[in-house]
Amino acid sequence: MPDASKAPGPVRLGVNIDHVATIRNARGGLHPDPVRAAHMAEEAGADGITAHLREDRRHIGDNDINRLVEELRLPLNLEMAATEEMLAIALRHAPRACCIVPEKREERTTEGGLDVAAGHAHLKPYVAKLADAGVRVSLFIEPDPVQVAVAEALGAAVVELHTGRYVEHVFAGETEAAERELDRLRSAAAEGAARGLEIHAGHGLTYDTVKPVAAIPQVVELNIGHFLIGEAIFRGLKDAVSTMRGLIAEAREGAAA
């Protein structure tokens with residue numbers, strides 16, 4: 001079990017490259033190349049690469065996953081829905097990690113976390129088959145103690161806490177609501193770590209919102225994508241990633257002081 005007396009260690013940064021593919025697919029063709037973005041993110045200090053292969057292939061495609069598996073030196077975190085098609089792809093490639101996320105055809109991006117309490121019977125065989133193949137299984141959930149407990153019961157190694165509501169409150173100027181959501185994230189992170197789960201977090205994080213989440217001592221990885229790809233348009237991907245990396249490190253150093 002985690003030792004609560006130890007100072008928090010560094011936080012890994014996983015860079016989600018989905019929206020490089022979104023830009024490519026808007027016109028078709030080969031450019032910009034999300035795999036090239038993955039290599040640049042590595043050069044800038046990323047600790048891992050995240051890619052979400054959706055059922056409708058709206059951004060990342062099958063060939064992107066093939067190339068990432070072949071070319072990456074960093075760990076690949078494959079985000080996927082709990083479907084037989086995605087399970088077969090994950091088992092074929094056996095990435096370092098798979099994060100099971102909710103997926104709706106009509107949504108622009110992932111909206112909220114999995115309801116693992118309601119869907120545990122459906123999710124259980126997916127978690128088991130991935131784990132049996134040596135894949136670290138993560139469940140993308142709301143920061144809720146019931147969801148955390150069920151994630152543990154399902155046998156997941158990791159939970160990724162949904163930070164989207166916290167970010168929305170910050171940008172709406174809803175300070176008290178943002179602090180309440182941060183408290184939920186802190187409580188869920190502590191609960192998960194006490195249960196032996198590795199704690200990740202992500203969704204919507206920006207330069208202005210990342211530090212309070214990075215300061216949560218049980219969080220060991222943040223996965224950030226859309227904001228970094230947007231910033232890359234103005235400042236370049238390497239600078240965007242390295243700036244985020246620096247803010248995460250500052251937050252962690254402050255938490256350890």
Side-chain angles (χ1 to χ4, degrees), residues 1-14 16 50 77 79 99-102 107 109-120 123 138-154 156-228 244-257:
M1 301 293 274
D3 183 352
S5 68
K6 292 176 64 177
V11 179
R12 300 189 298 267
L13 172 61
N16 186 313
T50 293
N77 174 35
E79 290 187 342
C99 183
I100 301 178
V101 301
E107 68 185 0
T109 185
T110 303
E111 297 173 354
L114 281 169
D115 187 349
V116 296
H120 67 279
L123 291 166
S138 174
L139 297 174
F140 183 68
I141 63 171
E142 292 297 319
D144 177 87
V146 173
Q147 301 295 333
V148 172
V150 177
E152 180 201 10
L154 284 169
V158 180
V159 289
E160 181 165 336
L161 302 177
H162 176 235
T163 57
R165 287 184 177 79
Y166 154 67
V167 173
E168 289 171 4
H169 288 313
V170 171
F171 284 103
E174 298 164 350
T175 305
E176 291 183 3
E179 190 57 38
R180 285 196 298 272
E181 195 64 22
L182 263 180
D183 284 341
R184 291 183 71 218
L185 288 162
R186 294 179 185 118
S187 295
E191 175 73 16
R195 291 177 176 274
L197 296 166
E198 185 170 293
I199 310 301
H200 300 180
H203 198 80
L205 292 170
T206 67
Y207 294 151
D208 294 324
T209 58
V210 72
K211 292 179 85 170
V213 179
I216 297 172
Q218 296 85 4
V219 170
V220 300
E221 181 172 306
L222 296 175
N223 286 295
I224 304 173
H226 183 266
F227 174 78
L228 290 175
M244 184 65 80
R245 174 76 272 171
L247 290 170
I248 292 169
E250 286 175 17
R252 204 57 160 198
E253 289 164 7

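Quick note: numbers below take in every heavy atom, side chains included, and nothing from hydrogens, waters or symmetry partners. If you're wondering where the values come from, they're calculated on a predicted model, not measured in any experiment.
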- Run the salt bridge (charged side-chain N to carboxylate O under 4.0 Å, His left out) check on E179 and R186 step by step: do they pass? CA-CA 10 Å; E179 190 57 38; R186 294 179 185 118; 2.9 Å; yes
- Item | Non-neighbouring partners of T163 that pass side chain to side chain donor-acceptor pair (under 3.5 Å), sequence neighbours left out |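 Counting only residues at least two positions away or on another chain, T163 forms no side chain to side chain donor-acceptor pair (under 3.5 Å).
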- Query: Considering residues at least two apart in sequence or located in another chain, which fulfil the side chain to side chain donor-acceptor pair (under 3.5 Å) criterion with D208?
  - Reply: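 Side chain to side chain donor-acceptor pair (under 3.5 Å) list for D208, sorted by chain: empty.
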Pairwise side-chain contact, [X] with [Y], heavy-atom cut-off 4.5 Å (strictly under):
| X | Y | answer |
| --- | --- | --- |
| L222 | L205 | yes |
| V210 | I224 | yes |
| V219 | H200 | no |
| E79 | F140 | no |

- Item | Donor + acceptor pair across side chains of T50, N16 (<3.5 Å) |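 Side-chain D/A pair, T50 to N16: absent.
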- Without hydrogens or angle criteria, can the side chains of H162 and E142 be said to hold a donor-acceptor pair below 3.5 Å?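 On atom types as modelled, these side chains qualify, holding a pair under 3.5 Å.
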Got a sec, which residues hit salt bridge (charged side-chain N to carboxylate O under 4.0 Å, His left out) with [X], two or more places apart in sequence or on another chain?
| X | value |
| --- | --- |
| E174 | none |
| R245 | D47 |
| E198 | R12, R136 |

- Look up atom CG in N77 and atom OG in S138, then write down how far apart they are to the nearest 0.5 Å.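 Nearest 0.5 Å value for the CG-OG distance: 6.5 Å.
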- Query: Which value, rounded to the nearest 0.5 Å, describes the distance between Q218 atom CD and E191 atom CD?
  - Reply: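 Answer rounded to 0.5 Å: 10.5 Å.
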For [X] against [Y], the heavy-atom pair lying closest together:
| X | Y | value |
| --- | --- | --- |
| A156 | L197 | O-CD2, 3.1 Å |
| V213 | A201 | CG1-CB, 3.9 Å |
| A189 | L161 | N-CD1, 3.8 Å |
| A214 | V11 | O-CG2, 3.8 Å |
| G113 | P102 | C-CG, 3.9 Å |
| P143 | R184 | O-NH2, 3.3 Å |

Could you list the donor-acceptor pairs under 3.5 angstrom formed between side-chain atoms of residues 144-152 and any protein atom two or more places apart in sequence or on another chain?
from, atom 1, to, atom 2, distance (Å)
D144, OD2, V146, N, 2.9
D144, OD2, Q147, N, 3.2
Q147, OE1, V116, N, 2.8
Q147, OE1, A117, N, 3.3
Q147, NE2, D115, OD1, 3.0
E152, OE1, R195, NH1, 2.5

- Query: Under the side chain to side chain contact (heavy atoms under 4.5 Å, CB included) criterion, do V159 and I199 qualify, and how do the steps go?
  - Reply: CA-CA 5 Å; V159 289; I199 310 301; 3.6 Å; yes
- Output, in order, the C-alpha distance, side-chain angles, deciding distance and verdict of side chain to side chain contact (heavy atoms under 4.5 Å, CB included) for M244 and L228. CA-CA 8 Å; M244 184 65 80; L228 290 175; 3.9 Å; yes
- Could you tell me whether a side-chain N or O of Y166 sits under 3.5 Å from a main-chain N or O of T209, the two making a donor and an acceptor?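 Yes, because the side chain of Y166 sits within donor-acceptor range (under 3.5 Å) of the backbone of T209.
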- Query: Under 3.5 Å, side chain of R252 to main-chain N/O of I216, donor-acceptor pair present?
  - Reply: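 Side chain of R252 to backbone of I216: a pair is present.
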- Message: Run L114 and V101 through side chain to side chain contact (heavy atoms under 4.5 Å, CB included) and show every step you take.
- Response: CA-CA 6 Å; L114 281 169; V101 301; 5.6 Å; no
- Task: Output yes when D183 and R180 qualify as a salt bridge under the 4.0 Å nitrogen-oxygen rule, no when they do not.
- Result: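 Looking at R180 together with D183, the answer is no, because their closest N to O distance does not fall below 4.0 Å.
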